[in-house]
Structure formats: C-alpha cells, structure tokens
Amino acid sequence: MPETSKYFERFVLRRVISGLITILCCLIIGCGGSTPPRPIPALNGNFSISATSAGTSGLNTFAGAIQTDSTGRVTGTLHVQGSLLFCFGVPFDLPFTGTIDATGHLNATIAGSNNQAITLNATVSPDGALLSNGDYSGSGAGCAGGDHGTVSGFQVQAFTGTYSGTFSPSASTNITLTIDLRQSTVPDSHGMFPLSASTITVTGGTACGFSSATLSPPASVASGKDMELVLVGSDQLSIMFLFGETTDGTTNLVRGQALIDTGPCGGQGGLINLSRP
C-alpha cells in the first residue's frame with residue numbers, strides 16, 4: 001500500500017473517532033456550551049430585618065413570615081418595631097412584596113398606611129439565610145416619606161426545643177420554668193408562627209398560683225427575634241406573660257421578662273434568660 005494511502009486512512013480514522021466522541025459528549029452534557037441556569041436564592045421562613053435610618057427615624061425592625069416561589073416572587077406579612085410603627089399606625093400587618101433575581105438581588109416594598117411605603121434593596125445569600133449590602137427609602141405623605149438608610153437581616157431559626165430559666169417576682173420567691181416548646185412550620189394569617197408546649201415544669205411557683213402551668217396557644221407566637229408566651233397557672237386564675245428576644249438567629253438564648261398579671265402575685269415579675277442546650 002502506498003505511504004500516502006496509509007496517511008489518508010489514519011486521517012479518516014481520527015476524524016471518525018473525534019466525531020463519535022463529540023456526539024457522545026453532546027448526549028451526556030449537551031451541545032452548544034450552555035450552562036444550567038443559576039438557582040434563585042429564596043427567602044422562606046421567619047425573618048428579622050433591621051433598617052438603620054440615616055436621618056431621625058433611628059433603628060426599626062421588621063419581622064415576620066416571608067416566602068419565595070420558584071420564579072423569585074417574594075411575599076410576606078411583617079410587623080415593625082421602632083418609630084415607623086407610629087408612622088404606619090393601623091394596620092399592624094404590613095404586606096411585603098418583591099422579587100429576587102438569579103444574582104441574589106432583592107427588590108421589595110413594605111406597604112404601610114396612608115400610602116406610605118418602604119422600598120428596600122439587598123443581597124440574598126445563596127442559602128437564603130442572610131440579607132446584606134442593603135439600603136431602603138421611604139415614600140408617602142407621612143413621616144416615613146423621605147426617610148432612608150441601610151438594611152440587613154437574617155432568618156430566625158425555630159423556637160423549638162426545651163428552654164429553661166429562672167426569675168424572681170419578689171425577694172423571697174424564685175420561679176424556674178422548663179418549657180418544651182414547638183414552633184409551627186406554618187405562619188398564621190398575621191405572619192406570626194404559633195407556639196405550643198408539650199410539657200411545662202414549674203418549680204417554686206406554688207405561692208403565685210403556678211404549681212404547674214399550661215400554655216395559651218392563641219396568644220403564644222414567634223415573630224422575627226421575638227417570642228411571646230402566655231402561661232395559665234394551676235389555680236386557673238393566675239396568668240403569666242413572658243416576652244423574650246433571641247440574641248441571634250440561632251434562638252439558643254432568649255433574653256426577656258416574665259410578668260404575672262393576675263392572681264396572688266399579680267403585678268410581680270422579673271428578668272429571665274431562657275436557654276436551650
């Protein structure tokens with residue numbers, strides 16, 4: 001066989017093998033060099049959003065339930081603590097709407113009363129747990145109009161687990177509470193997460209009507225960093241309110257205050273730290 005024919009056959013064989021490899025690669029990973037679309041970060045759960053004013057409004061905290069659909073559309077119901085509470089007035093349930101794009105950019109609006117609104121922009125972390133590099137601006141004829149500042153936020157983990165703490169309603173009384181809490185995975189119509197308790201152990205509370213206690217579910221909720229519990233004493237007359245705030249998104253420690261509203265120790269209370277192992 002002439003030498004040129006051998007070279008020709010080798011050339012054809014290489015081209016055939018190369019073509020087969022190309023076809024196989026296209027079947028496995030697709031042709032055209034395209035890459036899969038980047039997933040959209042999603043905000044889902046209980047969130048706390050801090051808005052620090054560059055003007056006179058100080059620090060305001062928006063808290064509540066937020067959810068994101070597969071297209072990046074964001075909806076939720078929030079509540080505000082701070083000076084903007086007096087700007088918005090009624091209603092207390094503030095609609096939260098917006099969008100998140102594939103780069104994690106959030107553009108959203110918190111609607112208040114009297115055509116007032118807060119528009120915010122921020123970056124959502126890939127896992128949807130953090131808001132950073134944010135700013136906001138207020139609009140409308142009320143005191144929110146013209147306000148502006150920076151925004152940050154985080155997802156608050158569920159207040160689920162066994163919490164224990166002690167408070168002193170009087171110099172001679174120390175009451176220890178151990179509460180096995182469960183937070184609902186679904187918010188109520190106000191954007192708050194209902195809390196329930198499988199067991200509550202009370203030590204030292206007999207003189208105040210709390211040899212034992214039960215949780216009042218309708219009024220016991222979590223919203224952002226805040227946890228509110230209503231306990232009914234064993235005498236069925238004494239009621240205790242417990243207001244707490246977690247120090248960060250982990251909810252392992254809740255700092256707050258217990259107040260006995262009615263019963264033999266009505267009007268007494270004290271500071272309490274509830275911790276979870």
Side-chain angles (χ1 to χ4, degrees), residues 43-68 74-100 106-124 128-159 183-184 187-195 219-229 241-249 251 254-257:
L43 301 173
N44 289 307
N46 183 25
F47 280 83
S48 177
I49 301 174
S50 297
T52 303
S53 175
T56 60
S57 295
L59 174 64
N60 286 271
T61 302
F62 295 92
I66 301 176
Q67 61 184 9
T68 308
V74 181
T75 57
T77 302
L78 303 181
H79 311 92
V80 60
Q81 292 183 1
S83 62
L84 291 180
L85 171 63
F86 303 101
C87 292
F88 290 144
V90 178
F92 296 112
D93 294 345
L94 305 176
F96 180 76
T97 57
T99 57
I100 303 174
L106 168 69
N107 177 264
T109 299
I110 302 170
S113 60
N114 300 323
N115 296 318
Q116 296 183 99
I118 295 293
T119 300
L120 62 89
N121 292 274
T123 300
V124 181
L130 295 174
L131 291 175
S132 61
N133 303 318
D135 60 73
Y136 79 92
S137 60
S139 61
C143 57
D147 186 37
H148 66 282
T150 59
V151 166
S152 62
F154 56 88
Q155 183 184 37
V156 182
Q157 299 302 310
F159 291 90
Q183 178 179 312
S184 172
D188 62 19
S189 60
H190 300 287
M192 298 181 177
F193 291 83
L195 295 169
S220 299
V221 294
S223 178
K225 296 186 297 180
D226 296 329
M227 179 182 75
E228 301 178 8
L229 303 179
F241 296 98
L242 198 155
F243 307 96
E245 179 181 280
T246 183
T247 55
D248 56 29
T251 66
V254 180
R255 300 183 185 275
Q257 183 169 12

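Quick note: residue numbers are just sequence positions, from 1. Quantities reported herein were computed from a predicted structural model and do not represent experimental measurements.
If you take CD on Gln183 and CZ on Phe159, they are separated by 6.5 Å, rounding to the nearest 0.5 Å. Note that CD of Gln67 and CZ of Phe47 are 11.5 Å apart. Values are rounded to the nearest 0.5 Å. Taking CD from Gln155 and CG from Leu131, the interatomic distance works out to 10.0 Å, rounded to the nearest 0.5 Å. Taking CD of Gln81 as the reference point, atom NZ of Lys225 lies at 8.5 Å (rounded to 0.5 Å). Note: Asn121 CG to Asn107 CG = 4.5 Å, rounded to the nearest 0.5 Å. Taking CD from Glu228 and OG from Ser220, the interatomic distance works out to 9.0 Å, rounded to the nearest 0.5 Å.
Between Thr77 and His190, the closest heavy-atom pair is CG2-O, 3.5 Å. Across every non-hydrogen atom of Met227 and Val254, the tightest pair is CE-CG1, 3.8 Å. Among all heavy-atom pairs drawn from Ser57 and Leu84, the shortest one is OG-CD2, 4.3 Å. Of all heavy-atom pairs between Leu59 and Ser50, the closest is CD1-CB, 4.0 Å. Of all non-hydrogen atoms in Gly45 and Phe193, the two that sit nearest each other are C-CZ, 3.9 Å. Closest approach of Gly224 to Ala63, counting heavy atoms only: CA-CB, 3.5 Å.
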Less than 3.5 Å apart, which donor and acceptor atoms pair up between the side chains of residues 135-146 and the rest of the protein, not counting sequence neighbours?
| unit_1 | atom_1 | unit_2 | atom_2 | d |
| --- | --- | --- | --- | --- |
| Tyr136 | OH | Asp147 | OD2 | 2.8 |

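You'll find the side chain of Phe62 stays beyond 4.5 Å of the side chain of Val151, heavy atoms only.
Here the options are Ile66, Asn60, Thr61, Leu43, the test is side-chain contact (heavy atoms from CB on, under 4.5 Å), and the partner is Ile49; only Ile66 passes.
Ser53 contributes a side-chain N or O that, together with a main-chain N or O of Gly55, makes up a donor-acceptor pair within less than 3.5 Å. Side chain of Thr251 to main chain of Ala158: a donor-acceptor pair is present (N/O by atom type, distance under 3.5 Å, no hydrogens or angles).
In this structure, the side chain to side chain contact (heavy atoms under 4.5 Å, CB included) partners of Ala108, at least two apart in sequence or on a different chain, are Phe96, Leu106, Leu120. Under the side chain to side chain contact (heavy atoms under 4.5 Å, CB included) criterion, Asn115 pairs with no residue, sequence neighbours left out.
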- Message: For Asp93 and His79: C-alpha separation, side-chain torsions, deciding distance, then whether side chain to side chain contact (heavy atoms under 4.5 Å, CB included) applies.
- Response: CA-CA 6 Å; Asp93 294 345; His79 311 92; 3.0 Å; yes
